[in-house]
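Here's the structure, in structure tokens; my notes come after.
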Amino acid sequence: FKRKIINSETFFLILLILFLLLTNLKSLLNFKPEFPDFNKGKYSIFKWLKENTEKEAMVFAEYSIDDFFVFNIRLLSERAIPGSEDFPFIEKYYREWHERFTDLYHGNIYSQHNVVDEMEFWELNHLVCKYKITHLIRHRKVAPPLARLLKEFLINRRVVYIFRTTCVP
């Protein structure tokens, strides 16, 4: 037999990997996915939407409210959204998705934050009418007759407003 000698760098790397595995072994073995508590904190808005809006509701929301906020409306509240940054997996729907996303969020997938918050009455009304949006969620208030305030939430130390919208001809 020929003995192979390990250099010191490889030896310390192996020790580091073993140390990390052993220190995290308990958490790796006891891993359980955490589901959000819908009764408190930032997730309570999704429970409210699910319990207080029609199943057919179309919810248009500001992206910057929280990470994955728009996605969670669809996933946790089980409500439709007029468009989001996640594009369709079927190529024939790409053009429709792109036109809708461009219309709703000014087309820039990397800077859609604050777009809905900064929209004025005429632009919001155009989108409400075009996409049959029934509910709007953003940080800024909207005046009647376009929107009626339904509920306020505090998410990430900012007030978030939920409105019932009406198309103004």
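Scope of the values below: all heavy atoms of this structure, side chains included, with no hydrogens, waters or symmetry mates.
Here Ile155 contributes atom CD1 and Arg157 contributes atom CZ; the two are 13.0 Å apart, rounded to the nearest 0.5 Å. Atom CD of Glu120 is separated from atom CG of Asn125 by 13.0 Å, given to the nearest 0.5 angstrom. Rounded to the nearest 0.5 angstrom, Arg148 CZ and His135 NE2 are separated by 8.0 Å. In this structure, CD1 on Ile133 lies 5.5 Å from CG on Leu127, to the nearest 0.5 angstrom. Atom OH in Tyr131 sits 14.5 Å away from atom OG1 in Thr165 (nearest 0.5 Å). Distance check: Glu62 CD to Met119 CE gives 8.5 Å after rounding to the nearest 0.5 Å.
Partners of Tyr43 according to the ring-ring contact (aromatic ring centres under 6.0 Å, His included) rule, which considers only residues two or more places apart in sequence or in another chain, do not exist here.
Side-chain contact check for His98 versus Thr102: some heavy-atom pair is nearer than 4.5 Å. Counting only heavy atoms from C-beta outward, the side chains of Tyr63 and Val115 never approach each other to under 4.5 Å. At a threshold of 4.5 Å between non-hydrogen side-chain atoms, the residues Arg138 and Leu124 count as touching. Annotation: side chain of Leu154 is not in contact with side chain of Val160 (no heavy-atom distance under 4.5 Å). At least one side-chain heavy atom of Leu136 sits less than 4.5 Å from a side-chain heavy atom of Val116. Put simply, the side chain of Ile162 does not reach to within 4.5 Å of the side chain of Asn52, judged on heavy atoms. With contacts defined as side-chain heavy-atom distances shorter than 4.5 Å, the pair Leu16/Phe12 does not qualify. In this structure the side chain of Tyr105 reaches within 4.5 angstrom of the side chain of Val70, judged on heavy atoms.
Distance alone, capped at 3.5 Å, places no donor-acceptor pair between the Arg158 side chain and the Ile65 backbone. Using a distance-only test at 3.5 Å, with no hydrogens or angles considered, a donor-acceptor pair links the side chain of Arg140 to the main chain of Asp117.
In the displayed structure, Glu51 atom CD is contacted under 6.0 Å by more than 12 heavy atoms of other residues, nucleotides or ligands.
Here the closest heavy-atom approach between residue Pro145 and residue Thr166 is recorded as O-CB, 3.8 Å. The shortest non-hydrogen separation linking Phe163 to Lys141 is CZ-CA, 3.5 Å. Of all heavy-atom pairs spanning Arg79 and Ala57, the tightest one is CD-CB, 4.1 Å. Of all heavy-atom pairs between Pro82 and Met58, the closest is N-SD, 3.2 Å. Taking each heavy atom of Ser64 and His139 in turn, the nearest pair found is OG-CE1, 3.9 Å.
Salt-bridge formation is not detected for the pair Lys132/Glu56: no Lys NZ or Arg NE/NH1/NH2 atom is positioned less than 4.0 Å from an Asp or Glu carboxylate oxygen.
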Just do the side-chain contact (heavy atoms from CB on, under 4.5 Å) check on Lys151 and Ile45 with the steps written out, would you? CA-CA 9 Å; Lys151 186 81 174 162; Ile45 193 169; over 6 Å; no
Check against ring-ring contact (aromatic ring centres under 6.0 Å, His included), Phe46 and Phe153: CA-CA 11 Å; Phe46 303 115; Phe153 285 87; 9.1 Å; no
Please walk me through it: do Leu146 and Val128 pass side-chain contact (heavy atoms from CB on, under 4.5 Å)? CA-CA 9 Å; Leu146 176 62; Val128 165; 4.1 Å; yes
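The aromatic rings of Phe68 and Phe71 lie perpendicular to each other, with more than 60° between the two planes, well past the 30° mark.
Evaluated for a side-chain contact (heavy atoms from CB on, under 4.5 Å) with Leu49, the options Asn72, Leu150, Ile137, Leu76 yield exactly one hit, Ile137.
Under 3.5 Å, the side chains of His106 and Glu123 contain a donor-acceptor pair of N or O atoms.
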